2 protein chains.
Amino acid sequence: MNVYAEIITIGDEILYGQITDTNSQWIGQELGKAGFRIIRKTSIGDTREEILTALKEAEQRADVILTTGGLGPTKDDITKYTFAEYFGTEMTFREEVFENIDRLFKIRGRQLTELNRQQAYVPSNGKVVMNEVGTAPGMWFPKGKKVFVSMPGVPHEMKKMMTDSIIPSLRESFNTPFIYHKMVRTIGIPESSLSQMLEDWELALPEHIKLAYLPRLGQVRLRLTATGPDLDMLKYEVEKQLEQIRPMLGDKMYSEDDLEIEELIAGLLTSRGQKLATAESCTGGLVADRITNLAGASAFFQGGIVAYSNEVKESQLGVNATTLQAHGAVSEETAKEMAENVRLKYGADFGISTTGIAGPTGGTPEKPVGTIWIAYSDKDKTEAKLLQLSSDRLLNINATANAVLKLLWENIR
Amino acid sequence: MNVYAEIITIGDEILYGQITDTNSQWIGQELGKAGFRIIRKTSIGDTREEILTALKEAEQRADVILTTGGLGPTKDDITKYTFAEYFGTEMTFREEVFENIDRLFKIRGRQLTELNRQQAYVPSNGKVVMNEVGTAPGMWFPKGKKVFVSMPGVPHEMKKMMTDSIIPSLRESFNTPFIYHKMVRTIGIPESSLSQMLEDWELALPEHIKLAYLPRLGQVRLRLTATGPDLDMLKYEVEKQLEQIRPMLGDKMYSEDDLEIEELIAGLLTSRGQKLATAESCTGGLVADRITNLAGASAFFQGGIVAYSNEVKESQLGVNATTLQAHGAVSEETAKEMAENVRLKYGADFGISTTGIAGPTGGTPEKPVGTIWIAYSDKDKTEAKLLQLSSDRLLNINATANAVLKLLWENIR
């Protein structure tokens with residue numbers, strides 16, 4: 001009953017970590033939602049042998065094989081020629097693909113090259129998947145009851161193709177069962193304690209509902225995965241399971257919808273018509289960045305100050321010179337003044353702040369690298385919290401952003 | 001002569017895209033630098049059969065097989081038991097591992113559970129790789145001339161193990177050839193034109209030097225990969241190749257060291273003792289975030305303002321009310337005032353700004369989603385540039401950050 005899918009990403013740059021492979025993550029999410037059972041993701045280099053081997057292996061296991069990459073106009077892009085070899089077929093020139101390439105070059109005001117013209121050749125057994133935003137076409141190859149799909153590696157081109165055309169076609173071709181994921185987020189309880197707390201419940205889960213623990217920077221996500229022919233029934237069964245664990249988890253469970261904490265904050269502040277402002281030193285803009293990555297952030301986010309130098313903390317954020325002198329920039333007092341002042345200056349209901357030594361250098365015996373203060377301020381109170389983190393700069397910046405958003409959430413929820 | 005490596009990441013959450021697999025990217029980078037030839041990366045689910053199959057397949061192709069994930073204390077973590085089955089061996093209790101777990105729980109002031117005690121069991125043929133920052137030990141399994149390594153999936157635990165112990169041991173066990181990568185970055189020239197410009201040179205490259213094109217958001221990186229027994233010779237040969245393309249590429253080539261554009265800016269401003277300030281609307285803090293992710297950013301970065309609301313643009317950034325009224329927040333005039341005012345207010349040598357409609361909503365017929373102005377200001381001039389981007393919010397935010405950093409770089413280089 002399960003329909004099995006595999007994802008193959010092609011390119012040495014993925015193997016050697018020279019680019020982040022966001023494609024296979026996104027494809028995995030979409031295939032999961034469409035009811036496919038993903039059994040493997042493989043990354044291989046741009047060589048004929050590796051592509052042929054990977055296709056052959058995947059065909060033995062999976063019903064649907066999706067590949068990305070290797071469709072560009074340059075010499076190292078050999079995917080479509082290798083597909084032609086795999087299927088034992090010729091390359092044929094596709095007029096509609098060439099017209100699309102020609103159209104794109106005209107829009108961009110560029111000169112079409114012979115290399116671009118070659119992008120209009122496609123293996124003759126392939127159905128073209130039009131690429132409206134790029135020159136490399138996607139390709140759909142049926143083989144018996146199985147389907148191979150080749151897509152470009154450029155993320156926004158691939159995503160548009162998948163959404164507009166490939167996922168609907170796959171859903172139509174395969175009668176996929178439903179796979180229902182429910183992600184519950186907890187904060188402030190370690191994985192092992194959580195697991196012990198939930199042990200009896202976990203052991204009693206029915207066969208078709210699986211549980212997984214996903215820990216990350218002070219949070220643990222619980223993922224329930226239910227598989228079956230009736231989506232409403234799956235939702236009902238998962239809800240019944242959640243009813244059992246809600247009383248055990250209490251306020252450790254902060255989201256039942258796999259939302260980031262900033263999404264919960266955004267929802268609440270928008271519905272209440274309240275405003276937020278941020279004052280960041282060690283997080284350097286990351287808190288504001290996470291907030292403004294959400295569409296509609298302007299409804300509740302006034303803006304913020306990145307006060308990196310002491311000079312700016314004083315002149316722009318109004319932190320007292322005496323506070324900076326007596327306690328230093330990394331101190332409870334400075335953090336509180338930052339949060340309070342940004343709230344007042346920006347006309348916001350809530351202000352939050354971060355100040356600390358992110359590292360790798362800049363520590364002292366009294367304030368080692370990883371010493372970080374965060375603060376929260378509203379019209380009634382201002383409170384600060386000390387974090388003692390690691391020596392890893394990026395880890396510290398990210399964990400501090402999480403912590404200050406959590407501090408805000410606890411105060412406003 | 002090549003030593004082949006494969007990376008296997010274990011966990012359904014990777015297959016379904018519920019977490020970003022940053023581990024395999026980082027491991028790929030480190031193995032590449034250590035002279036290993038990476039032939040495949042595989043992601044599989046947490047099932048016994050899939051783990052056994054993936055290990056067997058990898059053993060047929062590779063000399064070194066590294067796995068991450070599935071070492072936590074909970075029921076879905078089955079990696080080490082499956083390794084024991086793969087090698088046909090028992091689990092044995094390791095006192096030194098238990099002591100480490102006990103130590104970590106004491107530091108954290110938590111109660112040790114029976115589940116945590118079970119983390120001290122390791123397949124008897126495995127050498128323990130101590131995990132100083134977490135409870136799950138790493139494991140090193142020799143098999144004939146091959147080596148299997150199992151590491152936890154928590155990124156900072158895995159990274160510490162790799163750096164401190166596993167990479168040095170692998171270098172010692174295998175006499176790896178050198179693989180020298182040189183990454184050259186170009187900006188403002190499309191991949192197909194670049195490829196045509198370099199065609200003759202590319203065709204004449206010797207067998208052991210490979211070229212790849214990696215396009216991303218208006219940039220194309222050229223990667224030269226040379227393999228051989230003598231590292232100095234490889235560097236010399238690659239340098240000779242670069243001498244041929246430098247005159248062709250001119251100022252389209254902005255870095256020969258695979259540096260992000262903010263790293264080049266940081267190097268230049270730090271050496272000159274000059275200061276930068278940022279005023280961001282649509283990028284919402286991302287530009288400041290990218291700058292402050294660099295260690296040592298405080299040497300040249302004063303800070304910035306995230307002016308999300310018009311109110312803040314006016315009150316904090318001093319944009320004229322008449323400018324906002326006559327031209328709107330998304331306009332050449334506003335962008336210029338933002339860049340100039342943040343430079344003056346923050347006492348910086350250079351100011352940069354962004355203001356635009358990131359989307360997905362908020363567009364108008366005259367200013368559709370993707371209409372974005374960026375500006376640069378120094379003591380002699382202030383200039384702005386119009387970008388017309390897509391309807392994808394995150395793509396727009398990221399491309400705008402790239403564009404404004406490029407505008408700065410072109411003015412100061």
Side-chain angles (χ1 to χ4, degrees), chain A residues 12-13 15-20 25-26 28-29 32 38-45 72-76 110 113 115-116 156 190-192 195-196 202 212-214 223 284-286 288-289 292-293 295 298 301-309 311-312 316 345-347 360 392-395, chain B residues 12-13 15-20 25-26 28-29 32 38-45 72-76 110 113 115-116 156 190-192 195-196 202 212-214 223 284-286 288-289 292-293 295 298 301-309 311-312 316 345-347 360 392-395:
Chain A
D12 281 344
E13 63 276 15
L15 294 179
Y16 289 95
Q18 286 152 344
I19 66 161
T20 306
Q25 178 178 14
W26 186 87
Q29 291 169 353
I38 306 164
I39 47 173
R40 192 177 285 224
K41 278 178 15 183
T42 306
S43 299
I44 49 171
T74 57
K75 296 217 184 324
D76 56 330
R110 289 191 194 141
T113 69
L115 282 175
N116 299 115
H156 71 276
E191 184 185 3
S192 55
S195 164
Q196 222 166 33
E202 185 178 351
Y213 295 85
L214 312 174
R223 186 193 58 219
L286 178 62
D289 175 49
T292 57
N293 281 343
S298 53
F301 187 58
Q302 288 288 81
I305 290 186
V306 180
Y308 222 61
S309 68
E311 196 181 326
V312 166
Q316 300 304 315
K345 278 176 78 88
Y346 277 54
D392 182 313
R393 182 179 183 84
L394 291 183
L395 205 64
Chain B
D12 282 343
E13 63 277 16
L15 293 180
Y16 289 95
Q18 287 151 343
I19 66 164
T20 305
Q25 180 178 14
W26 187 87
Q29 291 168 351
I38 306 164
I39 47 171
R40 192 179 284 222
K41 278 179 14 183
T42 306
S43 299
I44 49 171
T74 56
K75 296 216 183 325
D76 56 330
R110 288 191 197 142
T113 69
L115 282 176
N116 299 117
H156 72 277
E191 184 185 4
S192 55
S195 164
Q196 218 165 37
E202 185 179 351
Y213 294 85
L214 313 174
R223 187 192 58 218
L286 178 62
D289 175 49
T292 58
N293 280 343
S298 54
F301 187 59
Q302 289 289 82
I305 289 185
V306 180
Y308 221 62
S309 68
E311 195 182 327
V312 166
Q316 301 302 316
K345 277 176 80 89
Y346 278 55
D392 181 312
R393 182 178 183 85
L394 292 182
L395 205 67

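The figures that follow rest on heavy atoms only: side chains count, while hydrogens, waters and symmetry mates do not. The structure displayed is predicted, hence computed values, not measured ones. Chain identifiers are assigned alphabetically (A, B, ...) following the order of the sequence lines, protein sequences preceding nucleic acid strands; residue numbering begins at 1 within each chain.
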Name the option with the most non-hydrogen atom pairs under 4.5 Å to chain A; the candidates are [options].
options                      : value
B:Gly304, B:Gly285, B:Gly72  : B:Gly304
B:Arg223, B:Glu191, B:Glu202 : B:Arg223
B:Gly284, B:Gly32, B:Ala307  : B:Gly284
B:Asp12, B:Asp76, B:Thr74    : B:Thr74

Would you give the length of the straight line joining atom [atom1] of [X] to atom [atom2] of [Y], rounded to the nearest 0.5 angstrom?
X        : Y        : atom1 : atom2 : result
B:Leu115 : B:Lys75  : CG    : NZ    : 6.0 Å
A:Ile38  : A:Gln29  : CD1   : CD    : 9.5 Å
A:Glu13  : A:Leu15  : CD    : CG    : 8.5 Å
B:His156 : A:Leu395 : NE2   : CG    : 6.0 Å

Heavy-atom distance under 4.5 Å to chain A: side chain of [X], backbone, both or neither?
X        : result
B:Leu394 : side chain
B:Glu311 : side chain
B:Leu214 : side chain

Practice problem: Could you tell me which portion of A:Asp392 (side chain, backbone, both or neither) has an atom closer than 4.5 angstrom to a non-hydrogen atom of chain B? | Solution: neither

Quiz prompt | chain B contact via A:Gln18 - side chain, backbone, both or neither, heavy atoms under 4.5 Å | solution =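 For A:Gln18, heavy atoms of backbone and side chain both lie under 4.5 Å from chain B.
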
Exercise. Specify the closest pair of heavy atoms between B:Asn116 and B:Pro73, including all atoms of both residues, with the distance to one decimal.
Key: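 It is ND2-CB, 4.4 Å.
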
Quiz item: Residues two or more places apart in sequence or in another chain: which of them pass side chain to side chain donor-acceptor pair (under 3.5 Å) with B:Gln25?
Solution: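 For B:Gln25, the residues satisfying side chain to side chain donor-acceptor pair (under 3.5 Å) (neighbours in sequence not counted) are A:Thr20.
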
Quiz prompt | Choice from A:Tyr16, A:Tyr346, A:Phe301, A:Trp26 maximising heavy atom contacts with chain B below 4.5 Å | solution = A:Tyr16

Quiz item: salt bridge (Lys or Arg N to Asp or Glu O under 4.0 Å) with A:Arg40: which residues, sequence neighbours excluded?
Solution: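 Per chain and number, A:Arg40 pairs via salt bridge (Lys or Arg N to Asp or Glu O under 4.0 Å) with B:Glu57.
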
